[in-house]
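Just below is one structure, and these are the notes that go with it.
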Amino acid sequence: MTQYKSEFLNTLSARGYIHQCSDFEGLDALAAANKAIAYIGFDCTAASLHVGSLVQIMLLHWLQQSGNKPIVLMGGGTTRVGDPSGRDESRKILTIEDIEANKRGIQSVFDKFLNFGPESTNAMMVDNAEWLTKLNYIDMLRDVGKHFSVNRMLAMDSVKMRLEREHELSFIEFNYMVLQSYDYTELSRRYGCNLQMGGSDQWGNIVNGIDLGRRMGTPQLYALTSPLITLSSGAKMGKTAAGAVWLNADMRSPYEYWQFWRNTEDADVTRFLKLFTPLPMDEIARLEKLGGAEINEAKKILANAATAMLHGEMAALEAAETARKTFEEGSSAAGLPTVMIDLSQPMSILPVLVQAGLAASNGEAKRSIQGGAIKVNDATVADEKRMIGMADLNADGAIKLSMGKKKHVLVKPS
């Protein structure tokens with residue numbers, strides 16, 4: 001493993017965050033002198049970020065921990081355009097009101113990972129709507145557009161893949177890389193930003209920003225990307241049968257979040273401990289040696305550390321205790337995720353399982369019952385035609401639905 005002068009790059013290298021860098025030597029010297037000022041952009045396409053954004057958030061976290069300054073860039077402006085990277089179709093155009101509501105929803109997450117304030121290494125949060133919405137189109141074409149080659153833009157992966165597959169790419173999306181490049185130049189001018197970080201799919205956009213900065217007279221700019229995180233099974237990180245693993249507690253409860261990490265595949269535990277927790281590397285090395293049934297202890301430590309970082313120590317402890325009661329004692333555990341369903345009339349168990357998030361469809365629910373994976377109040381369901389109603393309420397006034405040993409939901413009458 002390469003040894004760097006800076007704590008920042010040594011940490012990223014040891015934990016597996018580095019995919020590409022425009023100039024390791026130059027960035028290393030900058031970070032070693034605590035002069036790296038880095039940003040990552042987050043578009044406001046949903047009311048919450050999801051687990052797929054955690055690697056980027058952790059990059060900013062470790063940047064600050066090493067004595068350098070992070071900038072969180074809210075994409076209030078770029079969200080109005082839509083990033084075509086990694087997509088076969090255009091993003092839905094959101095209203096200004098929706099974008100602002102989404103921005104409010106995702107801002108609070110960063111307080112859990114970064115320290116904001118006036119000090120030199122404190123994080124700052126800005127919105128690119130501050131400058132993008134004030135641009136004059138003709139001035140933009142003359143001052144910025146002249147530096148972009150359409151030939152190079154057409155060769156970008158985000159564009160080329162859409163064209164090769166004969167999927168429509170709108171002119172507004174084609175402009176996204178211009179706006180992202182301009183963001184980098186503007187952040188350099190306003191705040192001395194000299195590093196843009198992002199996922200590996202953003203490499204082309206970031207390098208374009210470096211080139212634009214050079215042409216427009218900024219100091220030397222740098223690029224650093226992280227690898228695409230997939231599970232050992234090949235599945236995309238953060239996607240489950242119940243949907244995305246959101247970071248906001250009102251969209252994914254702390255218990256469900258804890259359970260997501262507890263269910264990590266054996267082969268991914270060490271890698272995820274490095275990427276998604278602040279645990280020291282020597283502690284992770286100790287946990288890496290655990291095998292057999294002992295690896296479940298490492299998974300619990302991963303779940304506790306990841307949940308504590310996002311939701312706090314108390315929420316992590318409560319989630320762990322809920323899991324213990326549920327799995328070891330077989331109790332209904334009030335801390336389980338809860339869904340409200342109208343049970344005034346008995347209804348088929350199949351749509352109830354779907355509404356509870358335990359199955360993606362009635363067909364999947366039926367197959368799970370046939371496989372003996374479904375329980376109601378800890379009793380295995382053998383009949384796919386079983387009805388669920390008020391008569392199934394337990395002493396706590398809820399119905400405990402289970403799929404296998406790890407997925408449990410409480411259903412309460414609405």
Side-chain angles (χ1 to χ4, degrees), residues 46-48 50-52 231 233 235-265 296 299 303 307 318-414:
S48 169
H50 55 72
V51 164
L231 307 182
S233 63
K236 191 172 182 179
M237 176 72 181
K239 296 291 185 180
T240 68
V245 181
W246 302 107
L247 301 185
N248 287 14
D250 59 343
M251 295 177 67
R252 186 90 177 188
S253 73
Y255 172 78
E256 291 174 296
Y257 189 76
W258 187 94
Q259 198 64 46
F260 167 77
W261 296 108
R262 171 62 180 83
N263 292 338
T264 296
E265 297 172 19
N296 287 322
K299 292 182 181 182
T307 304
E318 289 175 355
E321 179 61 12
T322 295
R324 188 190 68 79
K325 288 182 177 179
T326 303
F327 304 134
E328 296 178 14
E329 298 178 8
S331 67
S332 64
L336 288 174
T338 301
V339 295
M340 308 299 291
I341 297 178
D342 183 2
L343 299 175
S344 56
Q345 297 293 328
M347 61 188 295
S348 167
I349 190 173
L350 300 182
V352 173
L353 290 170
V354 173
Q355 290 185 54
L358 293 178
S361 65
N362 285 354
E364 182 183 331
K366 184 177 179 180
R367 290 189 294 273
S368 297
I369 291 174
Q370 292 171 345
I374 301 300
K375 291 183 179 181
V376 174
N377 293 329
D378 297 319
T380 301
V381 176
D383 185 2
E384 64 205 42
K385 297 181 180 179
R386 190 195 193 290
M387 304 297 284
I388 294 288
M390 300 294 283
D392 293 299
L393 294 177
N394 58 27
D396 298 324
I399 303 169
K400 180 184 175 186
L401 299 181
S402 306
M403 175 182 281
K405 296 181 179 180
K406 298 180 179 180
K407 297 181 179 179
H408 307 271
V409 176
L410 296 181
V411 172
K412 292 187 177 182
S414 61

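Excluded from the calculations below are hydrogen atoms, water molecules and symmetry mates; all remaining heavy atoms, backbone and side chain alike, are included.
Remark: D342 engages S344, S414 in a side chain to side chain contact (heavy atoms under 4.5 Å, CB included) (not counting sequence neighbours). Contacts of E384 classified as salt bridge (charged side-chain N to carboxylate O under 4.0 Å, His left out), with partners at least two apart in sequence or in another chain: K366. With sequence neighbours excluded, the residues forming a side chain to side chain contact (heavy atoms under 4.5 Å, CB included) with E256 are R252, S253, P337, listed by chain and number. Residues forming a side-chain hydrogen bond (donor to acceptor under 3.5 Å, both in side chains) with N263 (at least two apart in sequence, or on another chain): Q259. Applying the salt bridge (charged side-chain N to carboxylate O under 4.0 Å, His left out) rule to R386 yields the partners D392; only residues at least two apart in sequence or on another chain are considered.
Annotation: the span from I388 atom CD1 to I341 atom CD1 amounts to 9.0 Å, rounded to 0.5 Å. A distance of 11.5 Å separates CD1 of I369 from CD of E364, quoted to the nearest 0.5 Å. Atoms NZ and OG1, from K375 and T380 in turn, are 4.5 Å apart once rounded to the nearest 0.5 Å. Within the model, atoms OG of S368 and CE of M403 stand 3.5 Å from one another, a figure rounded to the nearest 0.5 Å.
When every heavy atom of W258 is checked against every heavy atom of T307, the shortest pair comes out as CA-OG1, 3.3 Å. Taking each heavy atom of P413 and M340 in turn, the nearest pair found is O-CE, 3.3 Å. The two atoms that bring Y257 and W246 nearest to each other are CD1-O, 4.1 Å, heavy atoms only.
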Please output the side-chain donor-acceptor pairs of residues 345-360 that fall under 3.5 Å, not counting sequence neighbours, one pair per line with the distance.
{"from": "S348", "atom 1": "OG", "to": "L350", "atom 2": "N", "distance (Å)": "3.2"}

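In this structure, the side chains of V51 and W261 come closer than 4.5 Å at one or more pairs of heavy atoms. Put simply, the side chain of V339 does not reach to within 4.5 Å of the side chain of L401, judged on heavy atoms.
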